[in-house]
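In what follows, a single structure is set out as structure tokens and then discussed.
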Amino acid sequence: STGGEGSNPVIGYASIEPVSHNSMPAGMAIFSHRQHETLVSETAVPFSQSIRRGRIYAEIGGGVNTAVAIANPNTQPAAISFYFTDTAGRDFGHGSTTVSADAQIARFLTEVPFNSVPFTGSMTFAASIPVSAIAFRTFVNERSEFLFTALPVLDLLASTDQAAIIPRFLDGGGWTTHIVLLNPAEETIRGSIQFRGQANDVSDFPYTIPPHASFHFRSP
């Protein structure tokens, strides 16, 4: 655990290096944020594998922002191209940046080099060499506390032909559940989300997701 001392944060990336012929451990990073000595937000991020093409859910506006960090552990610079897609499937904001060798960048999507406007959808990036990436959804709540949660980075070159199960949902008593779906394909995809309650009741909600885009469902 890092000490967390000092008012100015130190930012970089960490690598796990097993001893020769030893297996690579599984693990995670746990980010904790304190305001006035009080823990206000905490989230865990699994260790990430290097990828060449990725996609994340992106949302900006209404106190919500999205951040992405890209680490380049290679000995040569990584050229990163990117674009955004709204929920209607419209691509926009094409751009590019470079991550120096053995370095990383961490930015909100509203900052340079991304410079995105408020929208809801996805961000897609491609790298000239394999890089590691994580993403966060941030929110400033009604008490002006900075909250954040980790977002998965979809590897667009990996197979996604598997059933998707969410082991638990909560609705009521102050709780809501948001379901966010990303389209990894180049064509429109369709299906349904089924909520199964404790009384074996089933609620079915259809979805349609344009290419590159996302679908956001919030329980009532």
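All values reported here derive from a predicted model rather than from experimental measurement.
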Report task. Return each pair, listed once, that meets salt bridge (Lys or Arg N to Asp or Glu O under 4.0 Å) where at least one residue sits in residues 29-40; pairs must be two or more places apart or across chains. Result -> none
**Report entry** Rounded distance [0.5 Å steps], OG in Ser128 versus CG in Asn72
**Finding:** 8.0 Å
Report task. Evaluate the side chain to side chain donor-acceptor pair (under 3.5 Å) criterion for residues Glu42 and Ser32: first the C-alpha distance (whole Å), next the side-chain angles of each, then the deciding distance (0.1 Å), finally the verdict. Result -> CA-CA 4 Å; Glu42 186 174 78; Ser32 304; 2.7 Å; yes
Query raised in the report: Is there a side-chain contact between Thr87 and Ser214, using heavy atoms and a 4.5 Å cut-off?
Result: yes
Query raised in the report: Does the side chain of Ser50 reach to within under 4.5 Å of the side chain of Ser132, using non-hydrogen atoms?
Result: yes
**Report entry** Enclosure of Ile166 CD1 (heavy-atom neighbours >12, cutoff 6.0 Å)
**Finding:** no
Requested in this report: Would you check if the side chain of Arg190 reaches a backbone N or O of Pro206 as a donor-acceptor pair within less than 3.5 Å?
Outcome: no
Query - Shortest non-hydrogen separation from Asp201 to Gln198 and the atoms involved - result: OD1-N, 4.1 Å
Requested in this report: Find the distance between NE2 (His216) and CD1 (Ile209) and round it off to the nearest 0.5 Å.
Outcome: 12.5 Å
Query raised in the report: With sequence neighbours left out, which residue pairs that include part of residues 101-113 fulfil the side chain to side chain donor-acceptor pair (under 3.5 Å) condition?
Result: Tyr13-Asp102, Asn65-Thr110
Query raised in the report: Distance-only, no hydrogens or angles: does the Thr66 side chain make a donor-acceptor pair with backbone N or O of Glu59 under 3.5 Å?
Result: yes
Query raised in the report: Mind checking whether Phe148 and Phe31 have ring centres under 6.0 Å apart?
Result: no
Report task. Any chance you could pull the hydrophobic cluster mates of Val117, using side-chain heavy atoms under 4.5 angstrom and chaining through other members? Result -> Ile51, Ile56, Ile60, Val68, Ile70, Ile80, Phe82, Phe84, Phe92, Val99, Ile105, Leu109, Phe114, Phe119, Met123, Phe125, Val131, Val153
Query - Between CG on residue Leu151 and CZ on residue Arg55, distance to nearest 0.5 Å - result: 14.5 Å
Requested in this report: Specify the closest pair of heavy atoms between Ala213 and Ser122, including all atoms of both residues, with the distance to one decimal.
Outcome: CA-OG, 4.2 Å
Report task. Evaluate the side-chain proximity of Thr138 to Phe108: yes if any heavy-atom separation is below 4.5 Å, no if none is. Result -> yes
**Report entry** Hphob cluster co-occupancy, Tyr57 + Phe217, side-chain heavy atoms under 4.5 angstrom
**Finding:** no
Query raised in the report: What pair of heavy atoms forms the shortest contact from Arg52 to Pro130, and how long is it?
Result: CD-N, 3.3 Å
Requested in this report: Please say whether more than 12 non-hydrogen atoms of neighbouring residues, nucleotides or ligands are located less than 6.0 Å from CD in Gln35.
Outcome: yes
Query raised in the report: Transitively linked via ILVMFWY side-chain contacts under 4.5 Å: Tyr207 with Val202?
Result: no
Query raised in the report: Side chains of Ile193 and Leu181: closer than 4.5 Å at any heavy-atom pair?
Result: yes
Query raised in the report: Got Thr85 and Pro210 here, is their nearest side-chain heavy-atom distance under 4.5 Å?
Result: no
Query raised in the report: When rounded to the nearest 0.5 angstrom, what distance separates CG in Asp86 from NE2 in His212?
Result: 12.0 Å
Query raised in the report: Are the aromatic ring centres of Phe195 and Phe169 under 6.0 angstrom apart?
Result: yes
Requested in this report: Indicate the atoms forming the closest heavy-atom contact of Pro184 with Ile189, along with that distance.
Outcome: CD-CD1, 4.3 Å
Query raised in the report: Pick one: which of Val180, Leu147, Thr43, Val64 meets side-chain contact (heavy atoms from CB on, under 4.5 Å) with Arg137?
Result: Val64
Query raised in the report: Hey, what do you get for CG (Asn141) to OG (Ser41), rounding to the nearest 0.5 Å?
Result: 9.0 Å
Query raised in the report: What's the spacing between Arg196 CZ and Asp204 CG if we round to 0.5 Å?
Result: 8.5 Å
Query raised in the report: Does the side chain of Val40 come within less than 4.5 Å of Phe146's, by heavy atoms?
Result: no
Query - For Ala71 against Pro73, the heavy-atom pair lying closest together - result: O-CD, 3.4 Å
